[in-house]
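One structure coming up, written as C-alpha cells, with questions to follow.
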Amino acid sequence: MEAPAGAAWPPGTGEDPVLRALLAVSADGLAVVDGRPGSLQGRLRALNAGAAQILGSPAVDLLGTAVPFELSAGDPDLPDRRRVVWAAPGGSRRYLEYRTLLVEPGRWAVWFSDVTGTVRQQERLTAITRAASSVADAYSLRATLDAVAREIAMTASIAAVQILTLDDPQEELRLLGMAGFGDTSDFAERLSACRRLGARVLFMEALERREAIVSLHRKPVIMADPLWAPLHAIMDAPDWDSFVSMPLVVRGRTLGIINAYYAPGEDPGPGSLAFLEAMADHAAVAIDTAALLAQTRSRAQSDERRRLARDLHDSVVQQVFSMRMQAEALRAQLDAPDPDPARVRSGAEELSSLAATALADLRGLVFELRPLDLAENGLVEAVRAHAAGVEARTRLVVEVQAPDDLELDVDVDVQEDLYRIVQEALHNVVKHARATEVDVRIARPAHGGGLQVEVVDNGCGGDPGTDPAPRRGASQGSLGLVSMRERAERWGGRLRAGPRPFGGWRVEVVLPAPGGGRGTERRTGR
C-alpha cells in the first residue's frame, strides 16, 4: 500500500496496517509521534496529507521534525482537546487543536486541526468589545485611543498600531493612540522631512480617498527608500511587514486614520480588514464624542459667565448704587446748617452695612470664579468653603457631610464639575426654594465604587399644590438643570432632581468608578 499524495511514513510502517489505514482515511491532520510521556518535543514518525497541509510543508520534509504536542494519555487533569501554536514556514503562526492516544510504548497517535480562523475571530470580537467599553468609560480621548490601539495590537496578526487625527491636510497630525512603537517624540519632524524629500505617504491617500489602503511587504520598500531615511530608525523598531491604513469616518466626515502594521507572514485578509473597520468606527466615535463634549463644556462655561454677570448685577451693582445714594444723603446732612448727629450716625451705619454685604457678595462671586484649589485641598473642602460663603451672605444654614476616610480617586476636572453642580444647586435654593436648611452629602454609593453627591433642602419644592418647575427650573429646558446634567454625563454619571415626598427638593449626582484619568492630547504627526 503506497502513501497517498502528500502523506509520508518511513519504511517499517507497513508492519502496522491499521495505523497505515488510519493515516490514509483521516480527514483532519493525523500524525504518529515518537516520544516519552509528558514530553513536549516528540518527533514526527508519520503523517497524512491533511497533517502536511495544516503544518504547511511537504510531508517528507516534516519527518523527524519536533512538534509541540504534549504527549499524555488518560490524564484526568488535562482537557480532552488542547491547543498549541505552530510556527509555519514564512513566519506565520497557526493555532492547532489536538488530541493524543498512546498506541504502543513510546509511540502516539495525534489528531489535530487548524483553528486559527476561529481563534483570530475570537480575538477580534474580544478586542471590539473591550474597545467599545473604552469608548464608553474612558474620560480622556488620549486614554481611549491608546486603549483601542492596544486592543488592535493584542491580536496575533498585528505588531504595531497608530491612531492619528487630522483637521486639515496642511496641518500636523495629532498622534492620539499608539501601541507597539518605542519613542516617537520627534515623529512629526521626521515625517515632515520625509514629505519634503518626496516620500509617498500612503495614509494621506487613505484620508483623501476615504477608503482603506493595503500595502503588502511595505516595510522592505520603506527601509530601502532613501526618501524615508529620516524615519528608518522608528519604522524599523516593530517587527512588521505589510501595512493597512483605515480611515476614521463618522457622520460623513473623515477624522483621521488607523495605521496597522502586520507581523511577518500575516496576511491582511477580508476578516482582518473587517475587524480594523469596526475598530475604526469605535475610534471615530470617540473622537467625535470628545469634540461634542468640548462644545458642551464651552456652552456651559458661557452659560455660567452669563449667570455670574446676572448675579453681579442683581446683588453687588444694586448694593453699590444704594451705597452711592446713601453717601449723597450723608453729604447733604453734613452740608446742612444744623446737621443731626443721630441721622448722620444712622446713615453711616447703613452705609457700612451695605458695604459689608457688597464685600461678602463680591468675595462669593470671586470664589465662584476661582474656587479653592481643588488639586491641593479637594472637593470636600471646596464645597465647605463655598457653603460658608453662602451662609455668610444669606440666612441659610448649609451643612456639608462627608466621611472622614473618604478618598477621592477622581481627576481635578471631575471634582470641578461636581463642585459646579453643588454650586448651581445651592444657587437655586437661595433664589427659589424659600428654605432655611440645606444638607450637602458627599460619599460612596451604597453599591460600592464611584461617587455620590446630594444637595437636599427643606424648601417649598415638595409642598402639596406647589409646582416645583418654575421655582427650580426642573423642566428639561432649564439651563441650570441642563448644565448640571451635562456635567454629570460628561463623566458617565447620572443626575436626578425633584421634590421629596415630605417636602423640600433633592439633587443627586452619581458617578461610576473611574475607568481612566483625563489625559493631555499632544500634537505630533505622521
Side-chain angles (χ1 to χ4, degrees), residues 53-57 85-95 114 116-121 123-124 127-128 148-164 173 175 177-182 184 187 190-191 194-195 197-249 254 256-281 283 526:
Q53 183 177 4
I54 291 171
L55 297 179
S57 294
V85 177
W86 170 259
S92 64
R93 296 193 303 169
R94 298 183 182 178
Y95 292 86
D114 187 348
T116 304
T118 301
V119 171
R120 294 281 169 79
Q121 186 67 12
E123 286 180 344
R124 291 164 184 164
I128 289 170
V148 173
R150 285 195 302 271
E151 294 299 338
I152 297 173
M154 284 175 65
T155 61
S157 57
I158 297 175
V161 178
Q162 294 168 330
I163 301 178
L164 307 102
L173 285 161
L175 179 57
M178 184 175 65
F181 284 92
T184 59
F187 204 93
R190 291 174 179 267
L191 177 66
C194 293
R195 296 181 70 179
L197 290 172
R200 182 186 177 189
V201 183
L202 291 182
F203 72 76
M204 294 301 298
E205 297 178 20
L207 281 169
E208 293 168 2
R209 289 156 52 179
R210 296 176 60 179
E211 62 183 33
I213 288 183
V214 179
S215 179
L216 301 179
H217 313 301
R218 177 67 172 164
K219 184 175 183 179
V221 174
I222 286 180
M223 299 308 295
D225 189 348
L227 302 181
W228 283 98
L231 271 174
H232 278 171
I234 291 176
M235 300 307 294
D236 192 39
D239 186 17
W240 67 284
D241 180 39
S242 297
F243 169 81
V244 172
S245 186
M246 181 71 66
L248 311 180
V249 181
T254 304
I257 44 91
I258 289 179
N259 291 331
Y261 301 83
Y262 281 73
E266 299 293 344
D267 179 24
S272 184
L273 292 179
F275 162 67
L276 277 181
E277 187 174 4
M279 298 299 274
D281 288 342
R526 164 120 202 274

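Numbers here are sequence positions counted from 1. All values below come from the heavy atoms of this structure, side chains included, with hydrogens, waters and symmetry mates left out.
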Worksheet entry | Minimum heavy-atom distance between Ile213 and Glu205, given as atom pair plus value | CD1-CB, 3.5 Å
Practice prompt. For a salt bridge (charged side-chain N to carboxylate O under 4.0 Å, His left out) with Lys219, tell me which candidate from Asp241, Asp236, Asp225 qualifies.
Written response: Asp236
Worksheet item: Can any side-chain N or O of Thr254 pair as donor or acceptor with the backbone N or O of Val249 at less than 3.5 Å?
Response: no
Discussion item. Set out, in order, the CA-CA distance, both residues' side-chain angles and the distance that settles side chain to side chain contact (heavy atoms under 4.5 Å, CB included) for Phe187 and Gln162, then state yes or no.
Written reply: CA-CA 12 Å; Phe187 204 93; Gln162 294 168 330; 3.5 Å; yes
Fill in: Minimal non-hydrogen separation, Ala283 against Ile258, with atom names
CB-CD1, 4.4 Å
Worksheet item: Do the side chains of Phe275 and Ile152 get nearer than 4.5 Å, heavy atoms only?
Response: yes
Discussion item. Are Tyr261 and Phe181 an aromatic pair, judged by ring center distance below 6.0 Å?
Written reply: yes
Practice prompt. Just do the side chain to side chain contact (heavy atoms under 4.5 Å, CB included) check on Leu248 and Ile163 with the steps written out, would you?
Written response: CA-CA 9 Å; Leu248 311 180; Ile163 301 178; 4.0 Å; yes
Worksheet item: Quick one: does Arg195's side chain have a donor or acceptor within less than 3.5 Å of a partner on Val201's backbone?
Response: no
Discussion item. Looking at Pro226, is its backbone amide N or carbonyl O close enough to the side chain of His232 to form a donor-acceptor pair, meaning the two atoms are under 3.5 Å apart?
Written reply: no
Item to complete: Tell me, with the steps shown, if Ser215 and Leu202 meet side chain to side chain contact (heavy atoms under 4.5 Å, CB included).
Response: CA-CA 9 Å; Ser215 179; Leu202 291 182; 3.6 Å; yes
Worksheet entry | Verdict with reasoning, Trp240 to Arg218, per side chain to side chain contact (heavy atoms under 4.5 Å, CB included) | CA-CA 9 Å; Trp240 67 284; Arg218 177 67 172 164; 3.8 Å; yes
Worksheet item: Which heavy atom of Pro230 sits nearest a heavy atom of Arg190, and at what distance?
Response: O-NH1, 2.5 Å
Response to the item:
Tightest non-hydrogen contact, residues Val214 and Pro268, listed as CG1-CG, 3.8 Å
Worksheet, complete the sentence: Taking every heavy atom of Leu207 against every heavy atom of Gly256, the minimum-distance pair comes out as CD2-O, 3.5 Å
Discussion item. Can a donor-acceptor pair be found, under 3.5 Å and without considering hydrogens, that links the side chain of Thr116 to the backbone of Tyr95?
Written reply: yes
Item to complete: Please answer whether the main-chain N or O of Leu55 pairs with a side-chain N or O of Trp86 as donor and acceptor at a distance below 3.5 Å.
Response: yes
Response to the item:
Closest non-hydrogen atoms of Val161 and Ala153, given as atom of the first, atom of the second and distance, are CG2-N, 3.9 Å
